[in-house]
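The structure displayed is predicted, hence computed values, not measured ones. All values below were derived from every heavy atom in this structure, side-chain atoms included, with hydrogens, water molecules and symmetry-related copies excluded. Lettering of chains follows the sequences in order, A, B, ..., and the numbering in each one begins at 1.
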Amino acid sequence: MADTTHSAGHEAASAPGMPQLDFSTFPNQIFWLVVTLVVIYIVLSRVALPRIANVLAERSDTIQRDLEKAEALKAKAVDAEAAYNKALADARLEASNIVAETKADIQKDLDKAIAKADAEISAKAAEGEAKIKGIKDNAMVSVEVVATDTASAIVDAVMPGAADAKAVKAAVKAQLKG
Amino acid sequence: MADEATSGFNIHPMDQFQIKPLFGGSEILWYTPTNVTLWMGFTVLAIIALLVLGTRGRAIVPSRSQSIAESMYGFIYKMVEDITGKQGLKFFPYIFTLFMFVLVANFLGLIPTSFTTTSHIAVTATLAFAVFFTVTILGFALNGFKFLGLFWVSSAPLPLRPVLAVIELISYFVRPVSHSIRLAGNVMAGHAVIKVFAGFAGALGLGAIAPIFAITAVYGLEVLVAAIQAYVFTILTCVYLNDALHPSH
């Protein structure tokens, strides 16, 4: 079968041996191969390869662009977070200010109220004291009168006729002061 | 004929490689449309279908066919760039043409009853010599006589260099032979083996489980071979091209 010495091979296609070594078919094969390669080359270099290269370039551009966009969005998100945190801090500060202010107001009101109450209390106390003092003074006067009367009566009873109203009064006053 | 009478089996493993005129007659002139023409035409159509029709959407998110076309493009582009550097990229369309032709022709040859154009040494030798002459002419055109430095291994000890030069020279001229026979031989051998097993299966009739299993296994292997040989052919082309672009060792 494998007679590679088949060089006289101009037989028809059904000749035994390797058809690969039938040199009479070589021009035909080479001609059609060259035609095929030229067609493939033209199609590839004119249409297919530029198109694929474009698509690949476009895709990498798109990916690049999307990545950049994502980066920008991320930066925006970071900014937004910072702004949010700042707003939160501001709000906290404001709230604490309001609390302090309110506290101060309340304190002021309270102080005022307390002062007023104190003033009222002290006024009432002074009034009460004045009243007490009046009562005390009245009582003192009454005591003096009673003591003088009592002393005059006692002096009368002990030594009648020796009653010296002025002296008794002075003695009683001296006794009360002492 | 004589074989049939003696062997008993009716196996013609080499018949599948015969070249026949498409429209009758037995004379094969250089322009006669033959089954070679037919299957090379199918190769062209398949390549157009994949790379032109398949990518017509130009989609950012690719369809399946566009994705295949793109991955092939990327695969060969990266191979050319890795092996030959940036200067080699202007040869990318040529290399991609070679790769697509060999790959698609190999795969079309795996269709039962088809004709495998790459199983013919005339085809693969034309491809290999085209690469060989391109590389040689390009080497001299780009580097002048410095291209001969490819054969002068300056990193070797001086006494060894003439010997190495002879070896390098021989290996350089053997390149197109090995380059072409590797491809045609692999493809032809696999197809012939399948045909032999198919002949056994036909002879055994219903009890043909073992040959059918063998055909399946060899066919699987052939699918691998079809792709690997296209890859090997292309990568060797890149390696040879790199010699022309950067001849210093």
Contact class of [X] relative to chain B, heavy atoms under 4.5 angstrom:
X       : value
A:Leu44 : side chain
A:Leu56 : side chain
A:Thr36 : both

Option in [options] with maximal non-hydrogen atom pairs under 4.5 Å from chain A:
options                            : value
B:Leu50, B:Ile60, B:Val61, B:Ile47 : B:Ile60
B:Gln16, B:Glu27, B:Met188         : B:Met188
B:Leu51, B:Thr37, B:Val123         : B:Thr37
B:Ile121, B:Leu29, B:Thr32         : B:Thr32

| task | State, without any angle test, whether A:Gln29 and B:His120 hold a side-chain donor-acceptor pair at a distance under 3.5 Å. | result |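 Judged by distance alone, the side chains do pair up.
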Practice prompt. For this output row, return yes or no: ring centroids of B:Tyr31 and A:Phe31 closer than 6.0 angstrom.
Written response: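 No, ring centres 6.0 Å or more apart.
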inquiry  = Is it the case that over 12 heavy atoms from other parts of the model lie below 6.0 angstrom from the OH atom of A:Tyr41?
reply    =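 Yes, because the 6.0 Å sphere around OH of A:Tyr41 holds more than 12 heavy atoms from other groups.
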Side chain from CB out, backbone as N, CA, C, O: work out which of these in [X] comes under 4.5 Å of a heavy atom of chain A, or both, or neither.
X       : value
B:Phe92 : side chain
B:Tyr73 : side chain
B:Ala59 : backbone

[atom2] on [Y] to [atom1] on [X], rounded to 0.5 Å:
X       : Y       : atom1 : atom2 : result
B:Met14 : A:Leu21 : CE    : CG    : 8.0 Å
A:Asp22 : B:Gln18 : CG    : CD    : 9.0 Å
A:Ser45 : B:Phe96 : OG    : CZ    : 12.0 Å

Handout entry: Residues B:Val52, A:Val43; criterion side chain to side chain contact (heavy atoms under 4.5 Å, CB included); working and verdict
Key = CA-CA 8 Å; B:Val52 177; A:Val43 169; 3.6 Å; yes
### Query
Are any side-chain N or O atoms of A:Asn28 and backbone N or O atoms of B:Ile28, one a donor and one an acceptor, separated by less than 3.5 Å?
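No.
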**Request:** Measure from the side-chain N and O atoms of A:Gln20 to the backbone N and O of B:Ala122, and report whether any donor-acceptor pair falls under 3.5 Å.
**Result:**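 Such a contact is absent between A:Gln20 side chain and B:Ala122 backbone.
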Task: Electrostatic pair B:Glu70-A:Arg59, nearest N-O below 4.0 angstrom - done: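 A:Arg59 and B:Glu70: salt-bridged.
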Practice problem: Step by step, work out the side chain to side chain contact (heavy atoms under 4.5 Å, CB included) result for A:Val55 and B:Thr55. | Solution: CA-CA 9 Å; A:Val55 169; B:Thr55 59; over 6 Å; no
Under a 4.5 Å cut-off applied to non-hydrogen side-chain atoms, are B:Thr117 and A:Trp32 in contact?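 Side-chain contact under 4.5 Å: no.
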So B:Ile48 and A:Ile40, side chain to side chain contact (heavy atoms under 4.5 Å, CB included) or not? Walk me through it.
CA-CA 8 Å; B:Ile48 289 176; A:Ile40 294 174; over 6 Å; no
Start with the C-alpha gap between A:Leu37 and B:Leu127, add the side-chain angles, then the distance that decides, and say whether side chain to side chain contact (heavy atoms under 4.5 Å, CB included) holds. CA-CA 9 Å; A:Leu37 290 179; B:Leu127 295 174; 3.4 Å; yes
